[in-house]
Amino acid sequence: MSTRRFFVAIALPAPVRDALVALAEPLPGTSWTRPETLHLTLRFIGGVPEEKIADITHHLATVRVEPFILPIEGVGAFPPKGPPRVLWSGVGQGHPRLHQLRQQVDDALLASGLTDLDVRTFHPHVTLARCTPTGAPTFTRWMHLHQQFAAPPFRVNAFELYASELRPGGVVHTPVQRFVLRK
Ligand code: 3AM
């Protein structure tokens, strides 16, 4: 039986997904994210009992951040040095409402009783691919080729709670609830 893990993310509109999908090319040891699962994670929650979800959604509904414009741009790798495990596109500097949103999401999750949120710094990004550590020169070429990448800026009107399940065909993300942004 698959267990459901949960995360909070910003869904990407089709023109942004299309632009990101165009960055994919066959690279050794690299598995590209399926277009329908491209997203910007605000917070990975992990496995929680299903009966806790009502409480989590209740608190997430208290988030108050005005809609904002977000340009997805540039590319990079995690870790930044050494063989990449993840290829991503990011959001550049600034975007205070994005960070405000992340903070309020965290506050809401803490208020719902979650206590073990990861304390690492938030590096907003869209995971484009996961890599086995081979072919480093190829990744350098790919990153150089796309350093000026810019997806069409879009208006973030909402964020979503997703369930994530690992199925035989790969990971499946199911939207659980959408939260519209407002002041
Ligand atoms: O948005 P990205 O793709 O960077 O890697 C997972 C994905 O991140 C991450 O949560 C997002 C939605 O699945 N994730 C999965 N397991 C995780 C864990 N144990 C995790 N993040 C932190 N800790």
Side-chain angles (χ1 to χ4, degrees), residues 1-14 16-24 27 29-50 52-53 56-57 60 63 70-92 95 98-99 101-110 112-133 139 142-143 146 149 151 154 156 158-179:
M1 199 186 79
S2 60
T3 49
R4 297 219 300 173
R5 301 189 304 172
F6 296 87
F7 64 99
V8 178
I10 296 172
L12 304 175
V16 175
R17 289 204 311 265
D18 290 348
L20 292 168
V21 164
L23 297 173
L27 294 176
T30 301
S31 157
W32 294 90
T33 308
R34 295 198 313 280
E36 66 275 17
T37 54
L38 287 165
H39 63 271
L40 189 154
T41 299
L42 289 166
R43 172 54 81 184
F44 175 75
I45 297 175
V48 290
E50 294 283 338
K52 183 88 190 107
I53 293 305
I56 288 175
T57 56
L60 286 174
V63 167
L70 193 61
I72 305 286
E73 58 192 22
V75 295
F78 292 145
K81 292 202 169 72
R85 309 291 314 192
V86 165
L87 303 181
W88 51 260
S89 182
V91 300
H95 309 294
L98 175 63
H99 292 270
L101 179 56
R102 149 83 170 204
Q103 184 61 56
Q104 286 204 24
V105 163
D106 277 3
D107 291 346
L109 294 174
L110 290 170
S112 78
L114 296 180
T115 51
D116 53 354
L117 299 182
D118 189 337
V119 293
R120 283 177 296 182
T121 310
F122 179 45
H123 293 291
H125 66 276
V126 178
T127 292
L128 301 177
R130 293 182 192 279
C131 320
T132 53
F139 294 123
W142 178 85
M143 276 186 269
H146 297 297
F149 170 79
F154 70 104
V156 181
F159 67 95
E160 329 262 337
L161 175 67
Y162 287 96
S164 173
E165 286 167 276
L166 193 55
R167 301 229 182 109
V171 71
V172 176
H173 295 161
T174 308
V176 174
Q177 191 159 327
R178 183 168 191 264
F179 303 90

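For ligands, and for the atoms within them, numbers begin at 1 and follow the listed sequence. Along the sequence shown, residues are numbered consecutively beginning with 1.
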Here the atoms of ligand 1 under 4.0 Å from any heavy atom belonging to H125 are 2 (P), 4 (O)
- Task: Return yes or no for this condition: an N or O of S164 is under 3.5 Å from an N or O of ligand 1.
- Result: no
To the nearest 0.5 Å, atom CG of L109 lies from atom CD of Q104 at 11.5 Å
With a 3.5 Å distance limit and no angle check, can you tell me whether R5 reaches the backbone of S164 through a side-chain donor-acceptor pair? no
Atom 11 (C) of ligand 1: closest protein heavy atom, distance to 0.1 Å, is T41 OG1, 3.5 Å
**Asked** side chain to side chain donor-acceptor pair (under 3.5 Å) between T41 and H39: does it pass, once the steps are laid out?
**Response** CA-CA 6 Å; T41 299; H39 63 271; 2.9 Å; yes
Problem set entry | Polar contact flag for R120 and ligand 1 (N/O pairs, less than 3.5 Å) | no
Between R34 and V171 the two heavy atoms that sit nearest each other are NH2-O, 2.8 Å
- Task: Give a yes or no on whether the ring-centroid distance for Y162 and F7 is below 6.0 angstrom.
- Result: yes
key: Exam field: side chain R102 to backbone L42, donor-acceptor pair closer than 3.5 Å   = yes
**OP:** Indicate yes or no: does an N/O atom of R130 lie under 3.5 Å from an N/O atom of ligand 1?
**Re:** yes
Nearest heavy atom to atom 21 (N) of ligand 1, choosing from W88, F44, F78, belongs to F44
One finds that the ligand 1 atoms under 4.0 Å from a non-hydrogen atom of T127 are 2 (P), 3 (O), 4 (O)
